[in-house]
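Take this structure first; my questions come after.
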Amino acid sequence: MTQNTQKKMSAAGLLIAVGIVYGDIGTSPLYVMKSIVAGNGGIGNVNRDFIVGSISLVLWTVTLLTTLQTVIIALKATNHGEGGIFALYALIRKRAKWLVLPALIGGAAILADGTLTPAVTVTTAIEGLKGMEFGKGNIPVNTQSMVITITIIILLFLFLIQRMGTSIIGKAFGPIMFVWFTFLGIVGFMNMAGDWSILQAINPYYAIKLLFSPYNKAGLFILGSIFLATTGAEALYSDVGHVGKSNIIGSWPYVFVCLSLNYFGQGVWILQNPNYHTTGDFNPFFEIIPSNIRLAAIVLATIAAVIASQALITGSFTLVAEASGLKFLPRMNILYPSTEKGQIYIPSVNKMLCAATIALVLFLRTSAHMEEAYGLSITISMLMTTIMLYEWLRMRGKGVQRLIWDWAFLIFFGFLDVMFMISSLSKFTHGGYVSLVIAGFILAIMYVWYYGNKIRDKRESRNAYVRLDEYTSMLTNLSHDEDYPTYATNLVYMAKVKYNKFIKREILYSILDKRPKRAKAYWFVTVNVTNEPFTAEYAVNTYGTKNVINVQLYLGFKKQTSVNVYIRQIVHDLIADGTIEPQPQEYTTTPGRDVGDFSFVIVNDVISPQTQLTGWEKWMVEARVWLQNLSSNPASWFGLEYADTVVERVPLILGQPHPSYIKRIAPKDFSNMKKNND
């Protein structure tokens, strides 16, 4: 049953949305204007036209990419209330096979962003402490090494608490982020009041003028810094299932106004301090804050940065879980630290994110260098999302007028995305390659896993599958054959049954040939991942027997795969309606127990030397099997950690193997051979 995602707008819902959705985009004022000014040669090389034009570019970028494309258009493209690039792919994947490519590329880029956001936001916030004076002395943060040390300590703490879940601290996110946005707006408004003419930036004319102005030394490449203002827009789409469309739509105007006021305020301060000089790092965000509250502001900024990082980390967990369900990534061990919906924890992903984020901090060292690496991967994910949204729009209706509007959407937003991507490529040699390397590594894993599975399914021998219904009599006879010891009351194979009757020969070989396994009931369980997020259904086929049961589980791509729990319920259901025989237990701690013991068998593939694949196909399948062996215990994939589970390895033979023969000869006279040798 799907979750009720039609969440109505409410004060609590709006507050939760502010806390969960806007962490990334809400911390952009920490570094956007700083990056823009630095990219033009510093505060001494900017004038009024440059500042007004830059702020205009920021405002209209956020208006077009965040407000129009994401809030107004993308939030309509939800899969039973769930958003995000993989949920969008699940909606449109039947339209064309090639759509898997933008889904893989976009997903990899978003996961790469999950390593960069914690690094850049926390580092920028802590850098605000450098050179600060309070009381009679200096705060002992006067070198970048100290900033790095504090940043790493905060990040380590952040990743360590992930295993405990975020149900408790998550409740405080909303009020804290509301205070943060209110603070941004008030401080920005106080500085903006010194020069109301800064409101000229609302006119898009100044944005376009700046792109071709001689005062803009970066030219079109200034868009690489401008784009930082809209990073985090993808979180609005991905988190719609947690807070609901109406709460995002209702809370976004307040967030947008607060962000705009802060950019206005930073712009006015820069114009009023053209000769400002500092020996430390220049950041207009901290300069607009009165000195007597700056320490408190830095603490608040650090908390906001941690919340933004937390949102990206948990978002990465969700994205990986969805990718596993869609067979883009190997199945991983997923833990559920609380009873609240959406609270998942993936230990392996948490470790990799932690290691990558801390490595980035140590490698890039300053927020300025991190800003160079930041944003490039997100421009790629936005372009992929635009392509997929176009396919979704085309799926909704037909007609000439509709076609014109759909093409207008693709051309307009595709052009914007390409422009931002090209401008961000100017950062490539200055650190942008870092995000591409991370995204490329993740994409390679997803590509190998997805297409490795495709090749395996395509090239399997025709004899690899047999009809299960042709072996029901043999299995039933074995079930009642007392010459063999009972292996288990319920022998459960996690094996895909195609078209309700075809099963891999190796499964039946394991039961009948390897060593006959006698059981009261043989269960063949197939887990089908549906396009809907929270489906929880099953169907059974017993082929007219009471001993052979084919179970098809239909689970949503966000649903926990707890086969051990589901199969016990199914046994109860089938005994109750007489489909299978009761399994009374003589020796039990539970009086009246009518369900016997279980033994689960998982069959893993190992590449056989007889495999006839060559070239890249063989390499892809071998790489896929290697990734499978690196991933978590297969038992955890199906929620069988505490069940009696056996993992059997069988050779995987792909293609049509050539028969091998050995020639028989007469016995050799070794005594004569010895004499000849002497």
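Residues take their numbers from the sequence shown, with the count starting at 1.
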| Mind checking whether Gln144 and Glu127 have side chains closer than 4.5 Å, heavy atoms only? | yes
| query | Leu383 versus Thr379: any side-chain heavy-atom pair under 4.5 Å? | reply | no
| request: May I ask you to decide if Ile148's main-chain N or O and Arg365's side chain share a donor-acceptor pair within less than 3.5 Å? | output: no
| Does the pair Tyr206 and Asp49 meet the rule for a side chain to side chain contact (heavy atoms under 4.5 Å, CB included), with working shown? | CA-CA 8 Å; Tyr206 295 98; Asp49 288 344; 5.6 Å; no
| field | Atom of Met177, atom of Gly23 and distance for their closest heavy-atom approach | value | CE-CA, 3.9 Å
| Is there a donor-acceptor contact under 3.5 Å from the side chain of Asn247 to the main chain of Ala17? | no
| task | Can you label the angle between the Phe420 ring and the Phe227 ring as parallel, tilted or perpendicular, going by 30° and 60°? | result | tilted
| said: Asn283 vs Glu287, test: side chain to side chain donor-acceptor pair (under 3.5 Å). Steps then yes/no. | reply: CA-CA 7 Å; Asn283 191 335; Glu287 299 301 334; over 6 Å; no
| message | If I take atom OG from residue Ser10 and atom CD1 from residue Ile16, how far apart are they, to the nearest 0.5 angstrom? | response | 7.0 Å
| Which atom of Ser423 lies closest to which atom of Leu223, heavy atoms considered | OG-CB, 3.3 Å
| query | Closest approach of Gly42 and Val46, non-hydrogen atoms and distance? | reply | O-CG1, 3.7 Å
| task | Determine, step by step, whether Tyr31 and Thr121 satisfy the side chain to side chain donor-acceptor pair (under 3.5 Å) criterion, reporting the C-alpha distance in whole Å, the side-chain angles of both residues, the deciding distance to 0.1 Å, and the verdict. | result | CA-CA 8 Å; Tyr31 44 78; Thr121 53; over 6 Å; no
| task | Might you confirm whether atom OH of Tyr254 has over 12 heavy atoms from other residues, nucleotides or ligands at distances under 6.0 Å? | result | yes
| said: I'd like to know whether Phe264 forms a side chain to side chain contact (heavy atoms under 4.5 Å, CB included) with Ile202, so could you lay out the CA-CA distance, the side-chain angles of the two residues, the decisive distance to 0.1 Å, and finally the verdict. | reply: CA-CA 10 Å; Phe264 283 135; Ile202 296 175; 4.0 Å; yes
| Residue that, paired with Leu312, satisfies side-chain contact (heavy atoms from CB on, under 4.5 Å) out of Leu111, Ile110, Asp113 | Asp113
| query | Considering only heavy atoms from C-beta outward, does the side chain of Ile36 approach that of Ser225 to under 4.5 Å? | reply | yes
| request: Verify, without hydrogens or angle tests, whether Asn262 (side chain) and Val187 (backbone) share a donor-acceptor contact under 3.5 angstrom. | output: no
| message | Taking the ring of Tyr263 and the ring of Trp269, is the distance between their centroids below 6.0 Å? | response | no
| remark: Closest non-hydrogen contact found for Gly174 with Val18 is O-CG1, 4.3 Å
| request: Show the numbers, then the answer: is there a side chain to side chain donor-acceptor pair (under 3.5 Å) between Lys34 and Thr124? | output: CA-CA 10 Å; Lys34 172 190 172 186; Thr124 303; 5.2 Å; no
| message | As an exercise, state the distance from CD1 of Ile51 to CG of Leu210, rounded to the nearest 0.5 Å. | response | 9.0 Å
| request: Could you tell me whether a side-chain N or O of Ser56 sits under 3.5 Å from a main-chain N or O of Val52, the two making a donor and an acceptor? | output: no
| Polar side-chain atom of Asn40 near backbone of Lys217 as donor-acceptor pair, under 3.5 Å | yes
| task | Mind running side chain to side chain contact (heavy atoms under 4.5 Å, CB included) on Met9 and Ile249 for me, showing each step along the way? | result | CA-CA 9 Å; Met9 188 186 302; Ile249 295 172; 5.6 Å; no
| field | Leu436 vs Ile380 side-chain heavy atoms within contact, under 4.5 Å | value | yes
| Measuring from Leu64:CG to Thr70:OG1, what's the distance to the nearest 0.5 Å? | 10.5 Å
| field | Close side-chain approach of Cys354 to Ile358, heavy-atom, < 4.5 Å | value | yes
| query | Side chains of Ser435 and Ser377: donor-acceptor distance under 3.5 Å anywhere? | reply | no
| Nearest heavy atoms of Gly250 and Pro253, plus distance in Å | O-CD, 3.6 Å
| Distance (rounded to the nearest 0.5 Å) between Leu319 CG and Phe86 CZ | 4.5 Å
| request: Look up atom OG in Ser54 and atom CG in Asn216, then write down how far apart they are to the nearest 0.5 Å. | output: 7.0 Å
| Ring geometry between Phe181 and Tyr22 (parallel below 30°, tilted from 30 to 60°, perpendicular above 60°) | perpendicular
| Would Tyr237 and Thr78 count as having a side-chain donor-acceptor pair, cut-off 3.5 Å? | no
| request: Working to the nearest 0.5 Å, report the span between CD1 of Ile105 and CE of Met384. | output: 5.0 Å
| task | Measure the acute angle between the ring planes of Trp196 and Phe189, then classify it against the limits of 30° and 60° as parallel, tilted or perpendicular. | result | perpendicular
| message | Using the side-chain contact (heavy atoms from CB on, under 4.5 Å) definition, which of the options Val71, Leu65, Thr66, Ile72 pairs with Leu68? | response | Ile72
| Contact check, side chains of Leu364 and Thr123, non-hydrogen atoms, under 4.5 Å | no
| message | Do Ile43 and Ile270 make a side-chain contact, defined as non-hydrogen atoms from C-beta onward lying under 4.5 Å apart? | response | yes
| message | Under a plain distance cut-off of 3.5 Å, with no hydrogens placed, do Gln310 and Gln162 share a side-chain donor-acceptor pair? | response | yes
| task | Quick one: closest heavy-atom pair of Leu184 and Pro29, and the distance? | result | CD1-CG, 4.2 Å
| task | Find out whether Leu360 and Ile438 are in side-chain contact, i.e. whether some heavy atom of one side chain is under 4.5 Å from a heavy atom of the other. | result | yes
| task | Kindly indicate, with the supporting measurements, whether the criterion side chain to side chain contact (heavy atoms under 4.5 Å, CB included) is fulfilled by Leu129 and Val147. | result | CA-CA 8 Å; Leu129 293 172; Val147 170; over 6 Å; no
